[in-house]
Amino acid sequence: VAIGVKVARPALDVLVVGGDGDGFSIGGGHVSHACRRNLDLTYVVMDNEIYGLTKGQISPTSPVGAKAKSNPYGTVEGPINPLLLVLAYGATFVARGYASQPKELAKLIAQGMRHKGFSFIHVLSPCVTFNKAAGYDFFKERVIAVPEEHKTDDLMGAMRLAMDPERFYTGLFYG
């Protein structure tokens, strides 16, 4: 729908908000085309590594071994990396924020809205109801700002930050 709105009314500022499940499972095919076409819209994805609204099913970003009603023995599929995917698809603005840092997140969203082209903002958004393993303490130990020396025009550098297995960098990766 958002793509159609932007195509029909190009002057509108379009902000799309969704979750990891609808963004990279149900609506995954739309993300690649929006990135490739560099549509001037901002897509904010709240990633809680679970389908929270459907009472805790495994999502595309759930880690290996995550258990839920839909996977009582734990998922065997590796999680997708939303940042890496949109970088590979050609998004021209890629950032990550954290729900526990609202001021920084608001700045990233505003920056994404000002960007001309496709803006993607990945939001680490703990779900303490259905995903207790990845709660606020888990992220508190791993969330760190993108290093000051990172060059935001360096695609491969952005991909390296996105693939760090130890940390969740927040800030502008590419754009």
Side-chain angles (χ1 to χ4, degrees), residues 2-3 6 13-50 59-64 77-127 131 134-136 138-175:
I3 292 171
K6 189 62 182 181
D13 292 328
V14 178
L15 176 65
V16 182
V17 180
D20 49 303
D22 58 312
F24 292 97
S25 180
I26 299 162
H30 300 288
V31 174
S32 60
H33 297 297
C35 292
R36 289 177 50 238
R37 291 181 182 128
N38 198 28
L39 293 173
D40 187 20
L41 57 88
T42 301
Y43 186 26
V44 178
V45 171
M46 277 90 49
D47 184 356
N48 56 16
E49 300 181 349
I50 198 126
S59 85
T61 59
S62 298
V64 172
E77 299 164 332
I80 62 151
N81 182 325
L83 291 174
L84 194 57
L85 281 175
V86 298
L87 286 164
Y89 288 147
T92 56
F93 180 99
V94 178
R96 180 191 281 148
Y98 178 40
S100 248
Q101 298 172 339
K103 289 180 183 174
E104 294 87 347
L105 180 56
K107 288 178 186 176
L108 283 175
I109 294 170
Q111 193 176 357
M113 293 292 294
R114 286 189 301 272
H115 175 78
K116 295 301 173 204
F118 185 82
S119 302
F120 178 80
I121 301 157
H122 181 233
V123 181
L124 302 171
S125 185
C127 177
N131 190 6
Y136 286 97
F138 173 84
F139 285 107
K140 186 177 179 182
E141 297 171 4
R142 292 166 178 82
V143 168
I144 185 170
V146 167
E148 286 186 31
E149 65 272 9
H150 171 66
K151 295 180 179 10
T152 59
D153 63 348
D154 178 5
L155 178 60
M156 295 309 290
M159 288 181 165
R160 280 190 291 278
L161 289 176
M163 292 189 306
D164 189 318
E166 304 294 319
R167 295 173 197 83
F168 293 106
Y169 289 102
T170 57
L172 181 59
F173 281 63
Y174 189 74

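When all heavy atoms of Gly171 and Leu108 are compared, the pair lying nearest together is C-CD2, 3.9 Å. The shortest heavy-atom contact between Ala162 and Leu83 is CB-CB, 3.8 Å. Nearest heavy-atom pair across Arg142 and Glu166 is CG-O, 3.6 Å.
In this structure, Ser62 contributes its side chain and Glu49 its backbone to a donor-acceptor pair below 3.5 Å. Using a distance-only test at 3.5 Å, with no hydrogens or angles considered, a donor-acceptor pair links the side chain of Asp22 to the main chain of Gly19. In this structure, Thr170 contributes its side chain and Gly97 its backbone to no donor-acceptor pair below 3.5 Å. Judged by distance alone, the side chain of Asp40 and the main-chain N or O of Gly117 form a donor-acceptor pair under 3.5 Å. Checking side-chain atoms of Asp164 against main-chain N and O of Tyr169 turns up no donor-acceptor pair under 3.5 Å.
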Just do the ring pair (Phe, Tyr, Trp, His ring centres under 6.0 Å) check on Tyr174 and Phe93 with the steps written out, would you?
CA-CA 5 Å; Tyr174 189 74; Phe93 180 99; 9.5 Å; no
Tell me, with the steps shown, if Asp20 and Asn48 meet side-chain contact (heavy atoms from CB on, under 4.5 Å).
CA-CA 7 Å; Asp20 49 303; Asn48 56 16; 3.2 Å; yes
Test side-chain contact (heavy atoms from CB on, under 4.5 Å) on Met113 and Leu15; report intermediate values, then the result.
CA-CA 8 Å; Met113 293 292 294; Leu15 176 65; 3.9 Å; yes
Run Val44 and Thr42 through side-chain contact (heavy atoms from CB on, under 4.5 Å) and show every step you take.
CA-CA 7 Å; Val44 178; Thr42 301; 4.3 Å; yes
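Note on residues 94-106: pairs passing side-chain hydrogen bond (donor to acceptor under 3.5 Å, both in side chains), not counting sequence neighbours, are Arg96-His122.
Partners of Arg160 according to the side chain to side chain donor-acceptor pair (under 3.5 Å) rule, which considers only residues two or more places apart in sequence or in another chain, do not exist here. By the side chain to side chain donor-acceptor pair (under 3.5 Å) test, Thr152 is found to be paired with no residue, residues two or more places apart in sequence or in another chain being considered.
Classified by interplanar angle (parallel below 30°, tilted 30° to 60°, perpendicular above 60°), the ring pair Phe120/Tyr43 is perpendicular.
Put simply, the residue from Val45, Leu105, Leu172 that forms a side chain to side chain contact (heavy atoms under 4.5 Å, CB included) with Ile121 is Leu105. Considering Val94, Asp154, Leu84 as possible partners of Met159, the one that fulfils the side chain to side chain contact (heavy atoms under 4.5 Å, CB included) test is Leu84.
The number of heavy atoms from other shown groups lying within 6.0 Å of NE2 (His150) is above 12.
Rounding to the nearest 0.5 angstrom, the gap separating the CE atom in Met156 from the CG atom in Leu87 is 10.0 Å. Atom OG1 of Thr92 and atom CZ of Phe118 lie 8.5 Å apart (nearest 0.5 Å).
Inspection of the Asp47 and Ser125 side chains reveals no N or O donor paired with an N or O acceptor under 3.5 Å.
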